[in-house]
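Data first, discussion second: the structure below is written as structure tokens.
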Amino acid sequence: MTRVSGLEPVSLFRRREIWIWLGLVTLAALFPLTQPTTARLLMTMQMFLLITLATNWNLIGGMTGYVDFGHLTFFGVGAYTVGILMTRSKEVLFAPQLPFWQALPFAGLMAMLFAFLLGMATLRLRGPYFSIAMLATLLAMRELTRLASPLTGGGAGLDLPPELNRVQEYYITLGLMTLSVGLIWWIRNTEFGLSLLAIREDEIGAEMRGINTTLHKTVAFSLAAFLTGLVGGFWAWQNTYIDPDVVFFEPRNLEMIMAAVLGGLGTVWGPPLGAAVLYWLREFFWSRFLLAHLLGLGIMLMLVVLFLPGGIVGLMGRRGSVSLASLWQLRPFASSQQEENP
Amino acid sequence: MRRYPLLFTVLLIAALVLVACPAPATAPATGGQEAAQPAAGGQEAAQAQEEMPKVIRIGAAVSETGRYAREGGDTRQGYILWMEWVNNEYGGIKVGDERYQVELILYDDESNPDTVTRLTEKLITEDKVQFLLGPYSSGLTKAASAISEKYQIIMVEGNGASDSLFERGFQYLFAVLTPASRYTQSGLKALADAGARSAVIAYKDSPFPKSVAQGAEQWAQEYGMEVLAVESYPADINDATALMAKFKELDPDVFVGAGHFVDGVLLARNAEEVDFTPKAFMLTVGPSNPEFVEELGKTSEQIIGPTQWERNMAWEGPYLGTAEEYAQRYEKRWGEPPTYQAAESTATALALQIAIEMAGTLETDAVRQALLDMDVVTFYGPINFDETGKNLAKPMGAIQIQDGQILVIAPEEAAVADLVYPMTPWKER
């Protein structure tokens, strides 16, 4: 509780890391010019998406300390917003069908609105209670999309117009990733970010010091949901169809959390690193071993939680990352403190 | 704060380099190795190698792990059986005066839509396959066919039955199996002929069963039955007694349950529990599987089920012989009887072969035209694609479990037994 990590004062743009990041993004932006096959483009794209998801998860899970086991809900809200606006709006909303570019912003906005409303209820919970409530939300949303068939097509799902253009898609994912990582880097270096860290370390203490914790938590939650919603909306379009099973796909939820944990929670560069490592390990290593591949992922998660609590970034020294376990252990303590307070 | 962005840089650059250079490390991901080679076994193949054989590359991403591991395995075995037959026994696909060996590239899509899209792109842009065969399940076929359509590569599939696949206006997608909406047609017709006058329908809320149920409602009405109720149930249902009790009140002649294996078993058990005894009990997917009889014992007796294919159907074609001969060949190769998923996969590849031979060229447009013109009978049944790519020529069969045996009772031209109607009430068994 005394170790409030990574709170050293900073000045923007004097940090080497942001220039490295921008250099990397430029390199990535030039990648399509080397005329890679679309399969390779698609692989890189899927890695970018995992980085984006892990980074957004880190905003609420790692930085604010609210371990969200149902973050894929916002992905789903985004995916269905795009799906409905592109194919159903005439029948259901009595509005003209939108092309993808106009539908996509709504995916983010709907996810954000949903997170705002949901956050009012769930962000009052702490530690494992919040995690379980979010997991329940995810499962409930999957069932709801099944039931609301006039809107969502039910179990049969929705078919989106197949307009595939991998190069264009690549730049969209690159943009989403740059935006997400840039945002969390910026947040980490502002007072807002320091407040989030303070909430994570000692919520009551933060409140006593005059931080509006509810506002900060809700904003972080909504921001994370906004970007996750955009990813969901984009994913729906490039997959050309959605149904409850492919949208609320548990392995995606797990991988997003795992990438963040593997890289190092609460750091800017940990989750992208974790996502990249996880993606390439999966592609080049485990996919050779068939059935052992899921087993390998599971064992790796256990090993990371047990022996590498700070993730890869934590392994490299004291880098301000926190462990999943400590996030949970902090909470009951904090809430018992609360009971003592009048 | 200083060092780890550097490490990240190094790793990301390494990753980009890995993607950029054509590393041999991206060879067939899985179990495909045996299939990736143009069936090297046997002297004929070795001989053919010496004569510089021409090769047709055909690819497919089929689940070997994940949710569809089991059905995907059957699909894979069906494809491989065809490849081995065409290369070793048949002597290669005839294109004009030449014979082409088949190189079949199979990958594992992990039952994951992201993986199936990536592998389909890989098959087309890196492995440069000339034709594609379909994955398992309607959903994965939807994802994969959007890509093959973009590249104008022909995909023949046999494991995506959902009607919505063929409502997207795709030009290069063909399916040999009977679409979901026609699953219950021949069964309901046989029942109507036997005197059934009313029906109730229950379906699992997912794409394929929903299509089946919509079709069942339409066929029941067409054959003069009154549809008393159509109800859906959730995919993870674990108790259907309330539903069955409700149907019992309605007292229909025919019950149709559209779902998959596990929920089919549940529906039958719950119907027995509440003593809901219609004159005919029809379930999709389950009854044609021998495990259904093992699981339910006496309860399974006289249950009717639609089937894409059974080994005792009376179909016969110029390739691979009769349905029974195909089944024996399959048993010899794989040590287990073929499921209909396996048979329709073999038929999928066979349809592509016939089209290439008809066209006499590997040109996509000519082969596509040959697929549209095709009108043949195979061990799997008739194949004749309509302009949307559906095979409406093949009637869906219906089987009934009689004394523990799965016997075809409809359509007449494929039937080997007579329909038992009405069925013996559960209590009197």
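Naming convention: chains lettered A, B, ... in sequence-line order (proteins, then strands); numbering from 1 in each chain. Here the structure is a predicted model, which means the values were calculated and not measured.
- The closest side-chain heavy-atom distance from B:K142 to A:D159 is below 4.5 Å.
- Of the atoms belonging to A:E163, not a single heavy atom falls under 4.5 Å from chain B.
- No side-chain heavy atom of B:S138 sits less than 4.5 Å from a side-chain heavy atom of A:Y241.
- Looking at A:Q35, neither its backbone nor its side chain comes within 4.5 Å of chain B, counting heavy atoms on both sides.
- To the nearest 0.5 Å, atom OG1 of residue A:T37 and atom CG of residue B:D127 are 9.5 Å apart.
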- Message: Apply side chain to side chain contact (heavy atoms under 4.5 Å, CB included) to residues B:D114 and A:R252 and explain how you reach the verdict.
- Response: CA-CA 10 Å; B:D114 282 339; A:R252 190 178 300 117; 3.8 Å; yes
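- Here NZ of B:K150 is found 11.5 Å from OG1 of A:T240. Values are rounded to the nearest 0.5 Å.
- For A:L158, no part lies under 4.5 angstrom from a heavy atom of chain B.
- In this structure, the separation between CG on A:L164 and OH on B:Y151 is 8.5 Å, given to the nearest 0.5 Å.
- Between A:R146 and B:D205, the shortest heavy-atom contact is O-OD2, 3.0 Å.
- To the nearest 0.5 angstrom, A:Q46 atom CD is 5.0 Å from B:R118 atom CZ.
- For the set B:T117, B:V116, B:T120, the entry with the most heavy-atom pairs within less than 4.5 Å of chain A is B:T117.
- Heavy-atom distances place both the backbone and the side chain of B:I147 under 4.5 Å from chain A.
- Here the shortest heavy-atom pairing between A:G153 and B:K210 reads O-NZ, 4.0 Å.
- Interface residue B:F170: only side-chain heavy atoms are found under 4.5 Å from chain A.
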- Message: Test side chain to side chain donor-acceptor pair (under 3.5 Å) on B:T125 and A:R40; report intermediate values, then the result.
- Response: CA-CA 9 Å; B:T125 62; A:R40 275 149 205 269; over 6 Å; no
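- To the nearest 0.5 Å, the span separating CG on A:D243 from OG on B:S164 amounts to 10.0 Å.
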